[in-house]
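What follows is a set of notes on a single structure, which appears directly below.
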Amino acid sequence: MPKIKTHSGAKKRFSVTGTGKIKRARAFKRHNLNSSDFGKSAKRKRRLRKGTLVDVTNTKAIKLLIPYK
């Protein structure tokens, strides 16, 4: 059986934990980071720093994109 190519975008964005769950970074931490009129609060930015796990409904699809991680 031939090898499967790893999706280049997915390998940069996701990693697998020891128990087989998929880790990801949180979204919405690129622009407007000052707390002026339309910025983000310090509490929100602090929460965005930490990663989180991918939802169970998306795990199977992402594992197909990163088969050897």
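Being a predicted model, the structure only gives us computed values, none of them experimental.
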(request) Starting from I22, walk the hydrophobic network (Ile, Leu, Val, Met, Phe, Trp, Tyr; side-chain heavy atoms closer than 4.5 Å) and list everyone else you reach, by chain and number. (result) F14, V16, V54, I62, I66
(request) Check side chain to side chain contact (heavy atoms under 4.5 Å, CB included) between S8 and all other residues, then give those that pass, not counting sequence neighbours. (result) K11
(request) Kindly say whether K29 contributes a backbone atom to a donor-acceptor pair with the side chain of K40 at under 3.5 angstrom? (result) no
(request) Using a cut-off of 6.0 Å, state whether more than 12 heavy atoms not belonging to R13 lie near its atom CZ. (result) no
(message) I need the minimum non-hydrogen distance between A27 and L48, along with the two atoms involved.
(response) O-CD2, 3.2 Å
(message) Distance check, rounded to the nearest 0.5 Å: R24 atom CZ versus D55 atom CG?
(response) 8.5 Å
(request) Hey, could you give me each pair passing side-chain hydrogen bond (donor to acceptor under 3.5 Å, both in side chains) that has a residue in residues 58-69? Not counting sequence neighbours. (result) none
